[in-house]
Amino acid sequence: MACARRGGDVLGRGGARGIARMVAAMATIAVGAISACFAVPRAQAAEGPEFEHFVTVCEGRFFDGERRLRFVSWNIPNLIAIEDALDFLGESPWRWPDEFEIADALESVRQLGGGVARTYVITVRRQGSDMGEHVHVLAPGRFNEEAFVALDRALAIAAEKRVRIILPLVDNWHWMGGIDEYAAFRGKQKKAFWTDRQIIDDFKATIRHVVTRRNTVNGIMYRNDKTIFGWETGNELDAPPEWTAEIAAYLKELDPNHLVIDGRSLHGVPVGSLDDPNLDAVTTHHYPGPGVDMVEQIRAGAGLARGKKAYFVGEIGFIPVGEARRVLATVIEEDVAGALYWSLRFHRREGGFYWHDEPLGANLFKAYHWPGFASGDLYEERPLLETLADAARRISDADLPALTAPAAARLLPIEHPGRISWQGSAGASGYDVQRATAAGGPWLTIGGHVSDAAVQYRPLFCDATVRPGRAYYYRVIARGAGGESAPSNIVGPVRVDHRLLVDELADESLRAGTTGPATFRSDRARRAQEDMHRVELGPDGTIEYRLPNPVESVAAWLFAESADHGCVIEGSTDGVEFAPLAAASESRRRGAGDYAYLQPMLLRAKAVDPAVRVVRIRNAAGQVPVQVSRVEIAYDLLAQRRP
């Protein structure tokens, strides 16, 4: 059976040969065949104004109505459950995304020309993890309503942004809870998930809860929601064919409207699925390794699936930009339905972005942030994003969204001008930070094109030029390829009684120097809550600062294998003789978790002597190396100034 489509090339980007084939196909196609290919499910017109059609499959190709649907886009692992909300002394990095964060993620995909995004999985409670109650499945047949409200919100915003969502239903791995946890609920081993009737029924209860849910935001039942691209049986499953066939049939029974995607993706196209009438699509995942040739793997997958099932590349990543171009060119040339890159992380509600270190051997890869920043130059973030956007345009034969100025950022409350943050704008490459002494201006730019991806989980900007005794107003203006935004909201008056020196350890510009073993560290950033700029102090190693005015207090953010660190903060009036300052250390004792987290410690000290203008942080004990992550020094206190 051939597929007909108005206004395009049946075989995609085929030039004159494609047009000739289209004419020949249309000349011989039967009216019944056209109806079969583009039959619209009865529920389609009932709900959901944003998308007109469910995604359908005909002859191994995706269609949106009569339009061929192909895509190059992104995996967004945190879209429905955030595992990267790192708070320095916080107990858990897990939480639910809010409306701002979801909208930012999906607006980024829209600007990149993606049109489709894949989430990570329906999460499952896991013993011994730091997830706590931040899961969808609490126990067999017990579900977390707060979690599903977050999913409701993601689907509703995706509809507004016109981005379709692929949702994997269970994980093969432990990161967010998966098949092992379903088995553990019943006191059984992991492999029982595939064959034990009780556990299969438990998983079916989750499927039923998801598919038949009514969205609390827009009122649309999930099985009637055209925003959902399709249900993926799971992520990187090693499922027996019998299990896959049963789950696919159950999904179709509950929801004949949506595609069912086989989640067995790590070992090439599952040949046994190509004849299963309840499976609409197959997918493969590709990462580098010894002897791996992604291009040949994708060509092989396309050849097996061609004309039988729709085939797309569900995950690719951790490769240099040159290899990414080669892989995406293969996806387009082989008529593969699409490809999704790993992974996109979005703006964070407290300012800046979410981060996720992805070490691979000697190479460094992190999650990507739109539109790309200097902080990502080590892993070619900006050229990679340009490559993905270009491939999205080429595979869909559609222009990218027109370049427009970023939306206005939202400046967050300011406790001190040394700690300024804002909720960023999708597509903004930098921000002008402006200050005034009156709410109506005039405005002075005190920071030009400031990146909100330069630091991780910290305030974004320090105004080091304030004068104690004065009050200031602040605003920011976002800048991007399409121009500048309207000004943000204004925050102020912010009254200042001291100045702050803030050192993020990215360079040596604020330091007087170091002595002893003091080594810059950017590796294994996940262990240090994603901080890319640390200085590790060995035995008697020091970092020193000299201030132009008396020091009032010092704070140092530290990481070490043990909270029993040997760091001290010392002060001096002449830079020669140092004495310890009265200090207190605060730490959150937590397990190493899945990422071998270091212990975070916040060391604070007061300078009693107003003559102290030189301070240093020293690893006095020396047995345990200590990584210094951030330093704040309060100085020029108004109360210490002479009349």
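Just so you know, these numbers use all the heavy atoms, side chains as well, and skip hydrogens, waters and symmetry mates.
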Does a side-chain N-to-carboxylate-O contact under 4.0 Å join [X] and [Y]?
X: Arg458; Y: Asp531; value: yes
X: Arg526; Y: Glu530; value: yes
X: Lys309; Y: Asp280; value: no
X: Asp390; Y: Arg393; value: yes
X: Asp171; Y: Arg126; value: no
X: Asp225; Y: Arg223; value: no
X: Arg382; Y: Asp377; value: yes
X: Lys366; Y: Glu358; value: no

inquiry  = Is there a side chain to side chain donor-acceptor pair (under 3.5 Å) between His449 and Ser429? Walk through the geometry before answering.
reply    = CA-CA 8 Å; His449 213 81; Ser429 57; 3.2 Å; yes
Closest heavy-atom contact between [X] and [Y]?
X: Ala239; Y: Thr244; value: CB-OG1, 3.6 Å
X: Leu251; Y: Ile207; value: CD2-CG2, 3.4 Å
X: Asn78; Y: Pro97; value: O-CG, 4.0 Å
X: Ser273; Y: Val282; value: CB-CG1, 4.2 Å
X: Ile102; Y: Ile157; value: CG2-CD1, 3.7 Å
X: Trp370; Y: Gln111; value: NE1-OE1, 2.8 Å

query = Does the side-chain contact (heavy atoms from CB on, under 4.5 Å) test come out yes or no for Val170 and Ile122, once each step is laid out?
reply = CA-CA 6 Å; Val170 68; Ile122 299 295; over 6 Å; no
Tyr222 and Asp152: side chain donor to acceptor below 3.5 Å = yes
ask   = Going by distance alone, is a donor N or O of one side chain under 3.5 Å from an acceptor N or O of the other, for Tyr595 and Glu83?
value = yes
inquiry  = Checking side-chain hydrogen bond (donor to acceptor under 3.5 Å, both in side chains) between Glu101 and each of Arg153, His347, Gln423, Arg349, which is the one that passes?
reply    = Arg349
ask   = Quick one: does NZ or CZ of Arg479 land under 6.0 Å from the six-membered ring centre of Tyr431, within 45 degrees of the ring axis?
value = no
task = Using the six-membered ring of Phe229, assess whether NZ or CZ of Arg164 lies under 6.0 Å from its centre and within 45 degrees of the ring axis.
result = no
ask   = For the ring pair (Phe, Tyr, Trp, His ring centres under 6.0 Å) test, which of Phe148, Trp94, Tyr120 pairs with His136?
value = Phe148
key: Sub-4.5 Å side-chain heavy-atom contact between Leu340 and Thr283   = no
key: Lys308, NZ atom: more than 12 neighbouring heavy atoms under 6.0 Å   = no
Taking the six-membered ring for Trp, are [X] and [Y] parallel (under 30°), tilted (30 to 60°) or perpendicular (over 60°)?
X: Phe193; Y: Trp243; answer: tilted
X: Phe353; Y: His369; answer: tilted
X: Trp74; Y: Tyr341; answer: perpendicular

message = With side chain to side chain donor-acceptor pair (under 3.5 Å) as the criterion, how do Ser108 and Arg110 come out once you've worked through the C-alpha distance, each side chain's angles and the decisive distance to 0.1 Å?
response = CA-CA 5 Å; Ser108 298; Arg110 189 196 70 82; over 6 Å; no
task = Run the numbers on Trp355 and Asp84 for side chain to side chain donor-acceptor pair (under 3.5 Å), then give the verdict.
result = CA-CA 7 Å; Trp355 293 78; Asp84 297 317; over 6 Å; no
ask   = Passes side-chain contact (heavy atoms from CB on, under 4.5 Å), Asp262 versus Val269? Steps please.
value = CA-CA 9 Å; Asp262 190 344; Val269 166; over 6 Å; no
query = Any ring pair (Phe, Tyr, Trp, His ring centres under 6.0 Å) pairs touching residues 276-301, not counting sequence neighbours?
reply = Tyr287-Phe318
inquiry  = Show me the pairs that pass salt bridge (charged side-chain N to carboxylate O under 4.0 Å, His left out) and involve residues 311-325, at least two apart or across chains.
reply    = Arg118-Glu315, Glu323-Arg326
